[in-house]
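Counting convention: from 1, in listed order, for ligands and their atoms alike. Everything numeric in this text was worked out from a predicted model, so none of it was measured.
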Amino acid sequence: MQKGKRTPIATLGEFGLIDHLTEGIELKNPSSLYGIGDDAAVLHYPDKEMLVTTDLLMEGVHFNLVYYDLKLLGYKAATVNISDIYAMNGKPLQMTISLAVSKRFCIEDMEQLYAGMRMACEEHGVDIVGGDTTSSLTGLAISITCIGEADKDKIVYRNGAKDTNLICVSGDLGAAYMGLQLLERENAVFKGEKDIEPDFSGKEYLLQRQLKPDARGDIIKKLAEAGVQPTAMMDISDGLSSELIHICKQSNVGCRVYEDRIPIDYQTAVMAEEMNMNVTTCALNGGEDYELLFTVPITDHDKIEDIEGIKLIGHITRPELGYALVTRDDKEFELKAQGWNALTEEK
Ligand code: ADP
Ligand code: MG
């Protein structure tokens with residue numbers, strides 16, 4: 001939390017706080033007709049489909065203020081919602097932000113939180129059009145709703161994957177999970193629980209991936225420019241295995257993924273080795289990468305190969321073939337949806 005000057009929220013009161021935090025917000029999108037200041041915002045979507053997604057984040061459950069400064073937390077909270085709109089192949093345009101704030105927080109803390117959220121919104125062209133502010137007896141709760149648009153025939157659901165489709169992911173996987181491991185390790189050092197020197201050097205990428213994730217609007221744009229319409233898509237918040245199984249179940253298909261094709265950053269591999277963990281397990285089950293996982297018709301193979309930042313990791317199969325992972329030494333395993341909680345227990 002903010003050090004230095006700490007002004008109690010009570011000095012502004014609820015309305016004063018809202019005014020203060022939302023000061024200078026200008027609406028940029030033509031679909032944002034009216035934003036903050038009335039009983040409801042007014043949006044104008046005459047000939048597009050509207051996409052709506054919500055997330056609720058609770059202190060102590062979804063975030064821990066030992067690691068996150070409030071600006072990064074705000075940035076991440078907004079980013080993960082924006083990512084959900086991209087995962088439908090949509091364009092994020094508006095956001096509402098609701099907060100429950102306990103007395104522990106001061107005005108400067110909320111300024112930081114809003115600075116982060118406003119930064120993410122600016123990067124993706126999203127207008128903040130409203131929200132709600134209330135007090136909390138326990139910790140901080142943040143509920144964000146992001147609204148976006150898409151042409152009806154461009155929306156990509158999770159249920160459209162077909163046999164022989166190629167499976168693609170953007171960026172690299174496992175780094176955010178490794179970043180969390182790193183933070184937990186250094187936190188243990190901080191508390192004097194373990195005898196390890198705190199050391200983030202050479203691991204900046206892992207921290208960045210955990211603390212300041214990207215929403216991959218750039219990939220959505222590149223796919224559109226290349227004329228590629230994914231058949232199914234979602235963003236990877238819980239880990240590749242579990243998300244891919246979601247797509248397969250909803251599409252009633254199987255999949256075959258090749259271990260040696262899963263994109264892993266060098267720093268992720270180094271950290272996994274240091275922690276004595278299998279890097280593929282981390283990439284398959286570590287969460288919070290917010291990369292895009294999608295399937296495309298095999299006829300788009302060459303177009304996909306030409307797009308930087310996208311990797312082909314396997315293909316969709318008939319449902320009776322199940323969910324297969326082919327290892328580097330050509331053995332076959334069943335992909336399981338462990339999620340990153342299971343990963344922590346396994347360790
Ligand atoms: P109501 O009584 O109708 O809930 P409020 O007094 O809570 O209205 O809110 C006044 C205006 O400020 C509304 O337009 C609302 O959307 C906006 N607002 C309230 N809290 C926030 C917030 N945390 N972030 C952005 N806008 C907010
Ligand atoms: Mg209200």
Protein heavy-atom partner closest to atom 18 (N) of ligand 1 - residue, atom, separation in Å: G131 O, 3.4 Å
Which of the numbered atoms in ligand 1 are under 4.0 angstrom from any heavy atom belonging to E14? 7 (O)
Residue T22 vicinity, atoms of ligand 1 by number, heavy atom under 4.0 Å: 25 (C), 26 (N)
Considering both backbone and side-chain atoms of G37, is one of its nitrogen or oxygen atoms within less than 3.5 Å of a nitrogen or oxygen in ligand 1? yes
Taking N or O atoms only and a 3.5 Å limit, does I36 qualify as a polar contact for ligand 1? no
For N29 and G125, which heavy atoms make the closest approach, and how far apart are they? ND2-O, 2.9 Å
Report the part of D132 (side chain from C-beta onward, or backbone N, CA, C, O) that has a heavy atom under 4.0 Å from ligand 1; answer both or neither where that applies. both
Look at atom 3 (O) of ligand 1 and say which protein heavy atom is nearest, naming residue and atom and giving the distance to 0.1 Å. D39 OD1, 3.9 Å
Restricting D132 to its N/O/S atoms, the closest one to the Mg ion (ligand 2) is OD1
Output yes when a side-chain donor or acceptor of T327 lies under 3.5 Å from a complementary backbone atom of K331, and no otherwise. yes
Residue, atom and distance of the protein heavy atom nearest atom 25 (C) of ligand 1 read G130 O, 3.4 Å
Heavy-atom contacts under 4.0 Å between D38 and ligand 1: side chain, backbone, both, or neither? backbone
Ranked by distance from atom 23 (N) of ligand 1, the top protein heavy atom is Y114 OH, 2.8 Å
Look at the side chain of S32 and the backbone N and O of L27, then say whether any donor-acceptor pair between them is shorter than 3.5 Å. no
What do you reckon, are the aromatic ring centroids of Y86 and H124 less than 6.0 Å apart? yes
Quick one: which ligand 1 atoms are inside 4.0 Å of a heavy atom on F15? 6 (O)
Over all heavy atoms of both residues, which pair between L335 and S241 is shortest? Give the atoms and the distance, please. CD2-OG, 3.5 Å
Is Q267 reaching over with its side chain to a backbone N or O of Y205, donor-acceptor style, under 3.5 angstrom? yes
Can you check whether a protein heavy atom sits less than 4.0 angstrom from atom 5 (P) of ligand 1? no
Side chains of Y75 and E123: any donor to acceptor distance under 3.5 Å? yes
With the threshold set strictly below 4.0 angstrom, can you tell me whether any protein non-hydrogen atom sits that near atom 1 (P) of ligand 1? no
Look only at the side chain of Q94 and the backbone of G148, and say whether a donor-acceptor pair between them is shorter than 3.5 Å. no
Under 3.5 Å, side chain of R216 to main-chain N/O of A87, donor-acceptor pair present? no
Tell me which protein heavy atom sits closest to atom 9 (O) of ligand 1, plus the residue, atom name and distance to 0.1 Å. I18 CD1, 4.2 Å
Short N/O distance, under 3.5 Å, between T133 and ligand 1? yes
Checking side chain to side chain donor-acceptor pair (under 3.5 Å) between S170 and each of E308, E291, K311, which is the one that passes? E291
